[in-house]
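First up is the structure itself, then whatever we jot down about it.
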Amino acid sequence: MMIRLAILPLILALNFSMCKRHESVANSQQVSSSPTSATTTAGGSPGPGLAGAAPSPKITKPVVDQTAQTLIFCYHGLVEKVRFPGTQITPAAFEAQMKELKDRGITVIGMQDLLAWKRGEKNIPPRCAVISFDDGLKSQYEVAWPIMKKFGYTFTMFIYTEGVRGGLFGGGEAITWEQLADMRDNGIDVEAHSATHQDLREGHPVTIREPDGKKVRKRLTGSEYDQFLQNELVGCKQLLEQRLGIKVNCFAVPYGFYNEHVKEIARNAGYEAMFTVYGQPITFTSPLDSLGRYAIEANKPKVFADAVKMIGTSSGGAAAVAEVGAANLSTQPADGETVRTALPLIKANLSGVGAIEPGSVQMRVSGLGVVPVSYDPKTGIVSYQVTQKLRENACTVIVSAKSEGKKVEAHWTFGIDATAAAAAKASPSPTVKK
Ligand SMILES: [Zn+2]
(Lines give C-alpha, C1' and ligand atoms only; values in the text may rest on other atoms or scores of the structure.)
Protein backbone atom coordinates (compact mmCIF):
# COMPACT_ATOMS: atom_id res chain seq x y z
CA MET A 1 0.00 0.00 0.00
CA MET A 2 2.77 2.38 0.96
CA ILE A 3 4.54 1.58 -2.26
CA ARG A 4 1.51 2.42 -4.33
CA LEU A 5 1.11 5.69 -2.54
CA ALA A 6 4.70 6.54 -3.26
CA ILE A 7 4.47 5.67 -6.93
CA LEU A 8 1.37 7.69 -7.65
CA PRO A 9 2.91 11.09 -6.84
CA LEU A 10 5.91 10.11 -8.88
CA ILE A 11 3.81 9.45 -11.95
CA LEU A 12 1.91 12.66 -11.45
CA ALA A 13 5.11 14.59 -10.90
CA LEU A 14 6.31 13.20 -14.14
CA ASN A 15 3.35 14.51 -15.98
CA PHE A 16 4.22 17.93 -14.69
CA SER A 17 7.82 17.82 -15.65
CA MET A 18 6.95 16.62 -19.12
CA CYS A 19 4.44 19.35 -19.69
CA LYS A 20 5.85 22.16 -21.66
CA ARG A 21 5.24 25.07 -19.43
CA HIS A 22 3.35 24.83 -16.20
CA GLU A 23 0.29 23.23 -17.65
CA SER A 24 -1.74 21.68 -14.96
CA VAL A 25 -2.67 18.14 -15.78
CA ALA A 26 -6.30 18.57 -14.93
CA ASN A 27 -6.51 21.84 -16.73
CA SER A 28 -4.84 21.21 -20.05
CA GLN A 29 -7.60 21.39 -22.58
CA GLN A 30 -5.57 21.53 -25.71
CA VAL A 31 -3.25 18.63 -26.26
CA SER A 32 0.13 19.95 -27.15
CA SER A 33 1.60 18.62 -30.35
CA SER A 34 5.03 18.71 -28.80
CA PRO A 35 6.52 15.24 -28.63
CA THR A 36 7.72 15.88 -25.10
CA SER A 37 4.18 15.85 -23.82
CA ALA A 38 3.31 12.54 -25.43
CA THR A 39 3.28 10.78 -22.08
CA THR A 40 0.73 13.14 -20.57
CA THR A 41 -2.37 11.19 -19.72
CA ALA A 42 -5.42 12.35 -21.55
CA GLY A 43 -7.83 12.41 -18.66
CA GLY A 44 -5.47 13.75 -16.11
CA SER A 45 -7.53 12.56 -13.21
CA PRO A 46 -5.56 10.54 -10.72
CA GLY A 47 -8.27 7.92 -10.73
CA PRO A 48 -8.21 4.25 -11.66
CA GLY A 49 -7.12 5.08 -15.18
CA LEU A 50 -3.57 5.48 -14.05
CA ALA A 51 -3.41 2.01 -12.57
CA GLY A 52 -3.94 0.54 -16.00
CA ALA A 53 -1.43 2.77 -17.73
CA ALA A 54 1.55 1.04 -19.25
CA PRO A 55 4.40 1.15 -16.79
CA SER A 56 7.18 3.50 -17.84
CA PRO A 57 10.28 1.92 -16.42
CA LYS A 58 13.04 4.45 -15.96
CA ILE A 59 11.48 7.87 -15.74
CA THR A 60 12.59 10.21 -13.03
CA LYS A 61 12.21 13.87 -12.21
CA PRO A 62 14.98 16.01 -13.65
CA VAL A 63 17.70 16.23 -11.06
CA VAL A 64 19.19 19.66 -11.06
CA ASP A 65 22.76 20.37 -10.07
CA GLN A 66 22.27 22.54 -7.03
CA THR A 67 25.94 23.46 -6.89
CA ALA A 68 25.86 25.26 -10.26
CA GLN A 69 26.48 28.99 -10.21
CA THR A 70 25.61 31.82 -12.55
CA LEU A 71 27.02 35.30 -13.01
CA ILE A 72 24.54 37.87 -14.29
CA PHE A 73 26.09 40.75 -16.18
CA CYS A 74 24.41 44.05 -16.92
CA TYR A 75 25.52 46.31 -19.74
CA HIS A 76 24.27 49.65 -21.02
CA GLY A 77 25.53 51.50 -24.10
CA LEU A 78 28.21 50.21 -26.48
CA VAL A 79 30.07 53.10 -28.11
CA GLU A 80 33.42 53.58 -29.86
CA LYS A 81 34.15 56.79 -27.95
CA VAL A 82 33.18 56.45 -24.32
CA ARG A 83 31.79 59.72 -23.03
CA PHE A 84 30.02 58.32 -20.00
CA PRO A 85 32.39 55.76 -18.49
CA GLY A 86 29.89 55.14 -15.70
CA THR A 87 27.59 53.28 -18.09
CA GLN A 88 29.27 52.83 -21.45
CA ILE A 89 31.80 50.38 -22.79
CA THR A 90 33.51 50.05 -26.19
CA PRO A 91 32.38 47.28 -28.54
CA ALA A 92 35.93 45.88 -28.52
CA ALA A 93 36.01 45.63 -24.73
CA PHE A 94 32.56 44.03 -24.74
CA GLU A 95 33.55 41.49 -27.36
CA ALA A 96 36.72 40.64 -25.45
CA GLN A 97 34.61 39.92 -22.37
CA MET A 98 32.22 37.69 -24.29
CA LYS A 99 35.22 35.81 -25.64
CA GLU A 100 36.69 35.48 -22.18
CA LEU A 101 33.52 33.78 -20.95
CA LYS A 102 33.91 31.26 -23.74
CA ASP A 103 37.62 30.76 -23.10
CA ARG A 104 37.01 30.18 -19.42
CA GLY A 105 34.32 27.60 -20.08
CA ILE A 106 31.56 29.76 -18.63
CA THR A 107 28.37 28.88 -20.51
CA VAL A 108 26.07 31.75 -21.48
CA ILE A 109 22.48 30.72 -20.79
CA GLY A 110 19.15 32.50 -21.13
CA MET A 111 17.41 34.09 -18.18
CA GLN A 112 14.46 31.71 -18.47
CA ASP A 113 16.82 28.75 -18.20
CA LEU A 114 18.26 30.24 -15.03
CA LEU A 115 14.78 30.63 -13.55
CA ALA A 116 13.73 27.12 -14.61
CA TRP A 117 16.82 25.80 -12.81
CA LYS A 118 15.92 27.82 -9.72
CA ARG A 119 12.47 26.19 -9.85
CA GLY A 120 14.13 22.79 -9.97
CA GLU A 121 12.78 22.12 -13.45
CA LYS A 122 15.86 22.20 -15.61
CA ASN A 123 19.55 21.59 -15.28
CA ILE A 124 22.20 24.13 -16.22
CA PRO A 125 25.97 23.70 -16.67
CA PRO A 126 28.10 24.11 -13.52
CA ARG A 127 29.38 27.58 -14.40
CA CYS A 128 27.09 29.91 -16.31
CA ALA A 129 26.55 33.54 -17.19
CA VAL A 130 23.43 35.49 -18.12
CA ILE A 131 23.95 38.64 -20.18
CA SER A 132 21.51 41.50 -19.80
CA PHE A 133 21.24 44.96 -21.30
CA ASP A 134 19.46 47.77 -19.51
CA ASP A 135 17.47 50.80 -20.65
CA GLY A 136 16.76 49.86 -24.29
CA LEU A 137 19.44 51.61 -26.30
CA LYS A 138 19.90 51.59 -30.05
CA SER A 139 23.52 50.44 -29.67
CA GLN A 140 22.30 47.27 -27.98
CA TYR A 141 20.37 46.41 -31.13
CA GLU A 142 22.92 47.66 -33.65
CA VAL A 143 26.23 46.85 -31.96
CA ALA A 144 25.78 44.38 -29.10
CA TRP A 145 23.38 41.99 -30.79
CA PRO A 146 25.64 41.25 -33.80
CA ILE A 147 28.50 40.49 -31.39
CA MET A 148 26.25 38.21 -29.36
CA LYS A 149 25.21 36.42 -32.56
CA LYS A 150 28.87 35.76 -33.37
CA PHE A 151 29.18 33.77 -30.16
CA GLY A 152 25.72 32.25 -30.40
CA TYR A 153 24.78 33.85 -27.07
CA THR A 154 21.27 34.74 -26.06
CA PHE A 155 20.47 37.59 -23.68
CA THR A 156 17.84 39.65 -21.88
CA MET A 157 16.77 43.23 -22.59
CA PHE A 158 15.51 45.18 -19.56
CA ILE A 159 13.29 47.93 -20.92
CA TYR A 160 11.80 50.98 -19.26
CA THR A 161 8.79 51.67 -21.40
CA GLU A 162 8.92 55.47 -21.44
CA GLY A 163 12.47 55.18 -22.72
CA VAL A 164 11.50 53.37 -25.90
CA ARG A 165 11.56 55.66 -28.94
CA GLY A 166 8.42 57.75 -28.91
CA GLY A 167 8.07 57.56 -25.13
CA LEU A 168 8.46 60.38 -22.63
CA PHE A 169 12.22 59.79 -22.38
CA GLY A 170 12.80 57.96 -25.65
CA GLY A 171 15.32 60.17 -27.40
CA GLY A 172 17.64 59.61 -30.36
CA GLU A 173 19.64 56.81 -28.77
CA ALA A 174 16.55 54.82 -27.83
CA ILE A 175 15.57 51.47 -29.27
CA THR A 176 12.27 51.29 -31.19
CA TRP A 177 9.34 48.94 -30.64
CA GLU A 178 10.06 47.47 -34.08
CA GLN A 179 13.64 46.66 -33.11
CA LEU A 180 12.42 45.06 -29.89
CA ALA A 181 9.93 42.99 -31.86
CA ASP A 182 12.75 41.86 -34.15
CA MET A 183 14.76 40.76 -31.12
CA ARG A 184 11.74 38.97 -29.67
CA ASP A 185 11.23 37.12 -32.96
CA ASN A 186 14.79 35.90 -32.70
CA GLY A 187 14.41 34.50 -29.24
CA ILE A 188 15.73 37.42 -27.21
CA ASP A 189 14.13 37.74 -23.78
CA VAL A 190 12.49 41.14 -23.17
CA GLU A 191 11.80 42.06 -19.53
CA ALA A 192 10.77 45.04 -17.42
CA HIS A 193 12.87 47.88 -16.01
CA SER A 194 10.00 50.16 -14.86
CA ALA A 195 8.05 52.80 -16.77
CA THR A 196 10.07 55.96 -16.12
CA HIS A 197 13.30 54.69 -14.55
CA GLN A 198 13.21 56.41 -11.18
CA ASP A 199 13.62 55.72 -7.48
CA LEU A 200 10.70 53.45 -6.55
CA ARG A 201 10.74 54.08 -2.80
CA GLU A 202 8.02 56.17 -1.23
CA GLY A 203 8.97 59.73 -0.36
CA HIS A 204 12.02 59.89 -2.64
CA PRO A 205 12.04 62.70 -5.20
CA VAL A 206 10.82 61.73 -8.67
CA THR A 207 9.90 63.65 -11.79
CA ILE A 208 6.28 63.29 -12.78
CA ARG A 209 4.07 64.82 -15.40
CA GLU A 210 1.16 66.81 -14.01
CA PRO A 211 -2.25 66.58 -15.71
CA ASP A 212 -1.52 69.88 -17.47
CA GLY A 213 1.58 68.35 -19.04
CA LYS A 214 4.15 70.16 -16.93
CA LYS A 215 7.02 68.13 -15.50
CA VAL A 216 7.54 68.60 -11.76
CA ARG A 217 9.97 67.14 -9.26
CA LYS A 218 8.11 65.80 -6.24
CA ARG A 219 8.28 63.49 -3.25
CA LEU A 220 5.24 61.26 -3.67
CA THR A 221 3.37 59.76 -0.72
CA GLY A 222 0.04 58.08 -0.08
CA SER A 223 -2.28 57.36 -2.95
CA GLU A 224 -0.25 59.49 -5.35
CA TYR A 225 2.75 57.26 -4.63
CA ASP A 226 0.66 54.08 -4.91
CA GLN A 227 -0.47 55.16 -8.34
CA PHE A 228 3.06 55.98 -9.41
CA LEU A 229 4.36 52.61 -8.21
CA GLN A 230 1.53 50.72 -9.92
CA ASN A 231 2.43 52.33 -13.20
CA GLU A 232 6.15 51.62 -12.76
CA LEU A 233 5.60 47.94 -11.95
CA VAL A 234 2.24 46.90 -13.39
CA GLY A 235 1.79 49.46 -16.19
CA CYS A 236 5.26 48.77 -17.55
CA LYS A 237 4.69 45.00 -17.52
CA GLN A 238 1.32 45.26 -19.21
CA LEU A 239 2.59 47.59 -21.90
CA LEU A 240 5.50 45.28 -22.75
CA GLU A 241 3.25 42.25 -22.76
CA GLN A 242 0.65 43.93 -24.95
CA ARG A 243 2.97 45.67 -27.38
CA LEU A 244 5.15 42.60 -27.89
CA GLY A 245 2.77 39.75 -27.11
CA ILE A 246 5.15 38.27 -24.55
CA LYS A 247 5.13 37.15 -20.95
CA VAL A 248 7.21 39.35 -18.65
CA ASN A 249 8.37 37.73 -15.41
CA CYS A 250 11.53 39.66 -14.53
CA PHE A 251 12.01 43.13 -13.13
CA ALA A 252 15.34 44.97 -12.97
CA VAL A 253 15.09 47.65 -10.30
CA PRO A 254 16.24 51.09 -11.57
CA TYR A 255 19.47 52.00 -9.75
CA GLY A 256 18.80 49.09 -7.42
CA PHE A 257 16.67 51.37 -5.21
CA TYR A 258 13.87 49.39 -3.59
CA ASN A 259 12.52 48.06 -0.32
CA GLU A 260 10.15 45.42 1.04
CA HIS A 261 7.05 47.31 -0.10
CA VAL A 262 8.32 47.59 -3.66
CA LYS A 263 9.14 43.89 -3.60
CA GLU A 264 5.66 43.05 -2.42
CA ILE A 265 3.95 45.08 -5.14
CA ALA A 266 6.27 43.49 -7.70
CA ARG A 267 5.38 40.00 -6.51
CA ASN A 268 1.70 40.87 -6.67
CA ALA A 269 2.21 42.14 -10.20
CA GLY A 270 3.37 38.64 -11.15
CA TYR A 271 7.12 39.10 -11.34
CA GLU A 272 8.98 35.92 -10.58
CA ALA A 273 12.40 37.48 -10.19
CA MET A 274 13.83 40.88 -9.30
CA PHE A 275 17.32 42.09 -10.07
CA THR A 276 19.60 44.52 -8.32
CA VAL A 277 23.04 45.78 -9.22
CA TYR A 278 25.02 44.22 -6.39
CA GLY A 279 26.82 41.54 -8.35
CA GLN A 280 27.41 38.15 -6.84
CA PRO A 281 27.38 34.58 -8.14
CA ILE A 282 23.79 33.32 -8.19
CA THR A 283 23.34 30.00 -6.44
CA PHE A 284 20.41 27.64 -6.20
CA THR A 285 19.27 29.27 -2.98
CA SER A 286 19.82 32.94 -3.90
CA PRO A 287 16.56 34.74 -3.13
CA LEU A 288 14.60 35.39 -6.31
CA ASP A 289 13.56 38.87 -5.21
CA SER A 290 17.09 40.26 -5.11
CA LEU A 291 19.32 38.61 -7.68
CA GLY A 292 22.56 40.58 -7.95
CA ARG A 293 23.97 41.57 -11.31
CA TYR A 294 27.46 42.80 -12.16
CA ALA A 295 27.14 46.18 -13.87
CA ILE A 296 29.99 46.42 -16.36
CA GLU A 297 31.27 49.91 -17.04
CA ALA A 298 34.28 51.31 -18.85
CA ASN A 299 35.68 52.90 -15.71
CA LYS A 300 35.53 49.73 -13.62
CA PRO A 301 37.28 47.00 -15.65
CA LYS A 302 37.99 45.07 -12.47
CA VAL A 303 34.31 44.22 -11.95
CA PHE A 304 34.28 41.78 -14.83
CA ALA A 305 37.69 40.35 -14.00
CA ASP A 306 36.70 39.78 -10.37
CA ALA A 307 33.38 38.22 -11.32
CA VAL A 308 34.85 35.58 -13.62
CA LYS A 309 37.55 34.87 -11.04
CA MET A 310 34.89 34.44 -8.39
CA ILE A 311 32.99 31.76 -10.26
CA GLY A 312 36.24 30.15 -11.32
CA THR A 313 37.31 29.47 -7.77
CA SER A 314 34.04 28.73 -6.10
CA SER A 315 33.58 25.16 -7.24
CA GLY A 316 33.57 23.73 -3.74
CA GLY A 317 31.77 26.65 -2.17
CA ALA A 318 28.30 25.24 -1.86
CA ALA A 319 27.70 22.93 1.06
CA ALA A 320 26.62 19.40 0.31
CA VAL A 321 22.87 19.00 0.19
CA ALA A 322 21.06 15.80 0.99
CA GLU A 323 17.90 15.47 -1.04
CA VAL A 324 14.88 14.11 0.78
CA GLY A 325 11.98 12.69 -1.19
CA ALA A 326 8.88 14.83 -0.77
CA ALA A 327 6.81 11.67 -0.32
CA ASN A 328 8.62 11.08 2.98
CA LEU A 329 7.47 14.43 4.31
CA SER A 330 3.72 13.90 3.87
CA THR A 331 3.56 17.19 2.05
CA GLN A 332 0.40 19.13 1.61
CA PRO A 333 -0.47 19.69 -1.19
CA ALA A 334 1.16 16.44 -2.25
CA ASP A 335 3.66 16.23 -5.07
CA GLY A 336 1.66 16.17 -8.28
CA GLU A 337 -1.65 17.03 -6.66
CA THR A 338 -3.81 19.74 -8.21
CA VAL A 339 -5.50 22.11 -5.81
CA ARG A 340 -8.47 24.33 -6.51
CA THR A 341 -7.25 27.39 -4.72
CA ALA A 342 -4.61 29.98 -5.51
CA LEU A 343 -4.15 30.41 -1.75
CA PRO A 344 -3.22 26.95 -0.50
CA LEU A 345 -1.90 25.96 2.89
CA ILE A 346 1.53 24.42 2.35
CA LYS A 347 2.77 21.88 4.86
CA ALA A 348 5.50 19.31 5.34
CA ASN A 349 6.45 17.00 8.19
CA LEU A 350 10.16 17.02 8.92
CA SER A 351 10.00 14.67 11.89
CA GLY A 352 11.47 11.80 9.89
CA VAL A 353 14.46 13.78 8.67
CA GLY A 354 16.42 13.74 11.92
CA ALA A 355 17.29 16.35 14.51
CA ILE A 356 16.55 19.72 12.94
CA GLU A 357 18.62 22.71 13.99
CA PRO A 358 16.32 25.40 15.35
CA GLY A 359 15.98 28.40 13.07
CA SER A 360 17.35 26.57 10.05
CA VAL A 361 14.00 25.67 8.52
CA GLN A 362 13.31 27.57 5.33
CA MET A 363 10.60 27.35 2.70
CA ARG A 364 10.74 28.74 -0.81
CA VAL A 365 7.70 28.94 -3.02
CA SER A 366 8.02 29.57 -6.74
CA GLY A 367 6.76 33.04 -7.56
CA LEU A 368 7.07 34.13 -3.92
CA GLY A 369 10.63 33.31 -2.90
CA VAL A 370 11.38 32.67 0.76
CA VAL A 371 8.19 32.74 2.82
CA PRO A 372 7.78 33.21 6.58
CA VAL A 373 6.98 29.72 7.80
CA SER A 374 5.88 28.47 11.16
CA TYR A 375 7.75 25.46 12.42
CA ASP A 376 6.76 23.35 15.39
CA PRO A 377 9.81 21.48 16.71
CA LYS A 378 7.55 19.11 18.69
CA THR A 379 5.64 17.77 15.72
CA GLY A 380 8.24 18.58 13.07
CA ILE A 381 5.57 20.29 10.98
CA VAL A 382 6.53 23.29 8.90
CA SER A 383 3.69 25.24 7.34
CA TYR A 384 2.87 28.36 5.44
CA GLN A 385 -0.51 29.77 4.51
CA VAL A 386 -0.14 31.45 1.10
CA THR A 387 -1.48 34.99 1.34
CA GLN A 388 -0.78 36.23 -2.19
CA LYS A 389 -2.48 34.39 -4.99
CA LEU A 390 -0.21 31.99 -6.84
CA ARG A 391 -0.33 32.97 -10.48
CA GLU A 392 1.08 29.99 -12.31
CA ASN A 393 -0.61 26.66 -13.01
CA ALA A 394 2.09 24.89 -11.07
CA CYS A 395 3.92 25.74 -7.91
CA THR A 396 7.26 24.37 -6.74
CA VAL A 397 8.03 24.32 -3.04
CA ILE A 398 11.52 23.85 -1.62
CA VAL A 399 11.88 23.13 2.08
CA SER A 400 15.36 23.11 3.54
CA ALA A 401 16.80 22.70 7.00
CA LYS A 402 20.00 21.78 8.75
CA SER A 403 20.26 18.44 10.44
CA GLU A 404 23.42 17.34 12.20
CA GLY A 405 25.43 20.00 10.41
CA LYS A 406 24.20 18.89 7.00
CA LYS A 407 21.75 20.72 4.79
CA VAL A 408 18.73 18.66 3.82
CA GLU A 409 16.30 19.72 1.17
CA ALA A 410 13.09 18.51 -0.41
CA HIS A 411 11.18 19.88 -3.34
CA TRP A 412 7.87 19.10 -4.84
CA THR A 413 5.45 20.58 -7.30
CA PHE A 414 1.70 20.80 -7.16
CA GLY A 415 -0.77 22.11 -9.69
CA ILE A 416 -3.28 24.91 -9.33
CA ASP A 417 -6.52 24.69 -11.24
CA ALA A 418 -6.81 28.39 -11.84
CA THR A 419 -10.15 28.22 -13.63
CA ALA A 420 -11.73 26.39 -10.74
CA ALA A 421 -10.10 28.78 -8.29
CA ALA A 422 -11.30 31.80 -10.25
CA ALA A 423 -14.80 30.42 -10.73
CA ALA A 424 -15.06 29.74 -7.03
CA LYS A 425 -14.15 33.31 -6.26
CA ALA A 426 -15.98 34.83 -9.24
CA SER A 427 -12.91 36.97 -9.72
CA PRO A 428 -13.64 40.36 -11.27
CA SER A 429 -10.13 40.52 -12.76
CA PRO A 430 -10.57 42.21 -16.16
CA THR A 431 -7.38 41.11 -17.88
CA VAL A 432 -6.13 37.63 -18.41
CA LYS A 433 -2.39 37.46 -18.08
CA LYS A 434 -0.58 34.73 -19.87
ZN1 LIG B 1 18.62 51.43 -16.02
Side-chain angles (χ1 to χ4, degrees), residues 71-79 82-89 94 97 111 130-145 148 155-177 179-180 183 188-201 204-208 215 217 228-229 231-237 239-240 243-244 246 248-259 262-263 265-266 269 271 273-280 282 289-300 303-304 307:
L71 302 169
I72 311 179
F73 293 103
C74 151
Y75 292 88
H76 289 86
L78 270 73
V79 293
V82 171
R83 282 171 53 226
F84 305 103
T87 55
Q88 296 172 331
I89 185 173
F94 174 75
Q97 290 177 353
M111 185 69 87
V130 167
I131 311 296
S132 63
F133 295 91
D134 281 19
D135 298 355
L137 302 168
K138 203 168 60 176
S139 67
Q140 295 162 353
Y141 179 87
E142 292 174 348
V143 184
W145 194 17
M148 295 297 276
F155 56 93
T156 290
M157 295 285 286
F158 281 110
I159 301 297
Y160 73 102
T161 44
E162 289 293 345
V164 181
R165 188 86 66 89
L168 210 52
F169 307 108
E173 293 307 309
I175 202 166
T176 66
W177 285 108
Q179 287 168 331
L180 279 175
M183 286 178 143
I188 304 305
D189 186 43
V190 181
E191 303 289 347
H193 189 36
S194 81
T196 64
H197 203 289
Q198 307 195 72
D199 194 328
L200 299 179
R201 298 166 298 179
H204 288 259
V206 291
T207 302
I208 57 157
K215 273 193 201 167
R217 192 110 179 115
F228 162 78
L229 191 59
N231 186 46
E232 297 298 315
L233 290 167
V234 182
C236 160
K237 183 176 191 287
L239 184 56
L240 285 169
R243 278 298 290 253
L244 298 170
I246 55 174
V248 170
N249 62 351
C250 295
F251 185 81
V253 183
Y255 314 109
F257 294 154
Y258 69 158
N259 55 27
V262 174
K263 282 187 196 178
I265 301 296
Y271 290 109
M274 294 181 80
F275 299 84
T276 66
V277 285
Y278 307 105
Q280 53 192 300
I282 304 302
D289 62 6
S290 51
L291 297 173
R293 298 184 298 158
Y294 293 92
I296 305 301
E297 301 148 3
N299 60 0
K300 292 186 203 124
V303 173
F304 184 87

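In this text, all values refer to a predicted model and were calculated from it rather than measured experimentally. Along the sequence shown, the residues carry numbers beginning at 1. One-based numbering, in listed order, for ligands and for the atoms of each.
Taking each heavy atom of Val190 and Val248 in turn, the nearest pair found is O-CG2, 4.0 Å. The two residues Thr161 and Ala195 come nearest to each other via the heavy atoms OG1-CA, 3.4 Å.
Closer than 2.8 Å to the Zn ion (ligand 1) sit the protein N, O or S atoms Asp135 OD1, His193 NE2, His197 NE2.
Counting only heavy atoms from C-beta outward, the side chains of Lys138 and Ile175 never approach each other to under 4.5 Å.
Seen from the ring of Phe251, Lys237 does not count as a face-on cation partner, given the 6.0 Å and 45° thresholds.
Classified by interplanar angle (parallel below 30°, tilted 30° to 60°, perpendicular above 60°), the ring pair Phe73/Tyr75 is tilted. The aromatic rings of Tyr255 and His197 stand perpendicular to each other, their planes meeting at an angle above 60°, with 30° marking the opposite boundary.
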